[in-house]
Amino acid sequence: MTTRVVIVDDQAMVRAGFAALLAAQADIDVVGEAPDGAQGVELSRRTRPEVVLMDVRMPEMDGLEAARRLLSPPPGVTHRPRVLMLTTFDVDDYVYEALRAGASGFLLKDAPPADLIAAVRVVASGDALLAPSVTRRLIADFARQRPAARGKPALRLKALTERETEVLTLVARGRSNTEIAQTLVLAEQTVKTHVSRVLTKLDLRDRAQAVVFAYESGLVAPGE
């Protein structure tokens with residue numbers, strides 16, 4: 001199956017470079033490019049890509065607002081692509097807010113080409129790009145600046161079983177399914193089932209939102 005990708009960045013050379021790199025992959029098809037968020041939203045609605053590479057800082061409409069519009073479309077619009085944020089900074093408030101809005105992760109623009117290709121494939125598969133330690137640090141940094149929301153998010157935790165709570169805690173600490181399975185002495189498929197149930201019960205889209213929720217609910221404290 002070919003993954004359809006749209007690239008949204010205000011720098012023409014960045015768009016061209018990313019497009020050439022991704023288009024060279026047999027399983028990736030770059031279906032369009034846009035120089036700002038507003039045009040990126042319009043292009044995505046028209047071409048219906050699986051993945052949108054979205055720059056954070058752009059004129060006219062920034063990547064955060066564009067991500068919100070794509071991930072929370074108006075009535076009548078059913079297409080919701082996966083959004084992968086691109087940034088030149090390893091800690092950026094916009095990226096944190098984008099994760100809260102439902103973006104599937106972020107990637108530094110100076111990452112090696114192989115990382116970009118892998119990121120598109122990971123996000124297209126439905127997973128979140130949370131492997132880089134910088135992502136966990138970003139979420140922890142901003143969670144530290146915001147007091148945990150002890151109200152509704154904390155109440156929603158009561159819907160989880162004890163085992164599901166353990167799994168969510170380890171997800172929030174950046175552990176992979178394999179690492180969680182080893183820690184809890186479970187089969188990896190069992191861990192995948194628990195993660196799926198956590199996302200369903202908490203009405204979360206993917207692991208990225210699960211990490212944010214765990215910090216904001218107070219389940220995990222920065223620095224633990």
Side-chain angles (χ1 to χ4, degrees), residues 3-25 28-73 77 79-139 141-142 205-209 211-212:
T3 298
R4 294 162 57 83
V5 177
V6 160
I7 301 169
V8 185
D9 194 294
D10 61 333
Q11 298 180 43
M13 290 184 65
V14 171
R15 295 197 307 273
F18 284 176
L21 177 65
L22 294 174
Q25 310 306 309
I28 298 175
D29 183 16
V30 178
V31 296
E33 305 171 27
D36 62 60
Q39 293 185 54
V41 171
E42 190 278 329
L43 177 63
S44 297
R45 297 255 167 87
R46 180 158 42 86
T47 59
R48 302 175 69 85
E50 281 77 41
V51 176
V52 176
L53 295 180
M54 183 76 72
D55 188 20
V56 172
R57 301 177 184 276
M58 292 180 290
E60 304 300 328
M61 180 188 293
D62 65 25
L64 174 58
E65 179 59 28
R68 284 176 176 151
R69 295 192 184 193
L70 288 174
L71 297 169
S72 298
V77 177
H79 179 248
R80 291 179 67 201
R82 298 278 173 173
V83 177
L84 178 61
M85 305 303 296
L86 299 169
T87 180
T88 54
F89 307 99
D90 63 353
V91 176
D92 194 313
D93 198 10
Y94 281 95
V95 179
Y96 177 83
E97 296 299 337
L99 291 176
R100 292 187 67 195
S104 294
F106 88 102
L107 189 71
L108 296 178
K109 284 187 177 182
D110 61 359
D115 286 3
L116 173 63
I117 297 167
V120 169
R121 289 171 176 159
V122 166
V123 170
S125 73
D127 205 349
L129 189 70
L130 283 176
S133 61
V134 66
T135 304
R136 297 193 294 273
R137 189 174 75 246
L138 176 144
I139 294 173
D141 283 347
F142 285 102
R205 189 176 186 191
D206 55 29
R207 293 171 84 100
Q209 286 196 318
V211 172
V212 173

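If you read the sequence from its start, that first residue is 1, and numbering goes on from there.
Note that CE of Met58 and CG of Leu86 are 9.0 Å apart. Values are rounded to the nearest 0.5 Å. Distance CZ/Arg80 to CG/Leu70: 10.0 Å, rounded to 0.5 Å. In this structure, CE on Met54 lies 10.5 Å from CG on Leu84, to the nearest 0.5 angstrom. To the nearest 0.5 Å, the span separating CZ on Arg57 from CE on Met85 amounts to 10.5 Å. We find the CG-CZ distance between Leu107 and Phe18 to be 7.0 Å, quoted to the nearest 0.5 Å. Rounding to the nearest 0.5 Å places CG of Asp29 at 10.0 Å from OG1 of Thr47.
Residues Val41 and Glu65 fail the side-chain proximity criterion, which asks for heavy atoms closer than 4.5 Å. In this structure, Asp9 and Leu53 have side chains that are not in contact, with every pair of non-hydrogen atoms separated by 4.5 Å or more. Considering only heavy atoms from C-beta on, Pro81 stays 4.5 Å or farther from Arg4 through its side chain. Side chains of Arg46 and Leu43 form a contact here, defined as non-hydrogen atoms less than 4.5 Å apart. Proximity of Asp55 to Val8: side-chain heavy atoms (C-beta onward) are nowhere separated by under 4.5 Å. With contacts defined as side-chain heavy-atom distances shorter than 4.5 Å, the pair Ser104/Arg207 does not qualify. Between Arg69 and Met61 the shortest side-chain heavy-atom distance falls below 4.5 Å. Between Pro35 and Glu60, every side-chain heavy-atom pair lies at or beyond the 4.5 Å cut-off.
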- Yes or no on side chain to side chain contact (heavy atoms under 4.5 Å, CB included) for Asp62 and Val56, after CA distance, side-chain angles and deciding distance? CA-CA 6 Å; Asp62 65 25; Val56 172; over 6 Å; no

- Verdict with supporting geometry, Thr3 and Gln25, side chain to side chain contact (heavy atoms under 4.5 Å, CB included): CA-CA 10 Å; Thr3 298; Gln25 310 306 309; over 6 Å; no

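Only one option out of Val30, Asp115, Val5, Leu21 pairs with Val120 in a side-chain contact (heavy atoms from CB on, under 4.5 Å); it is Val5.
Between the side chain of Arg82 and the backbone N or O of Ala124 there is no donor-acceptor pair closer than 3.5 Å. For Asp36 (side chain) and Ala38 (main-chain N/O), a donor-acceptor pair under 3.5 Å exists by modelled atom type.
Residues Pro49 and His79 come closest through the heavy atom pair O-NE2, 2.8 Å.
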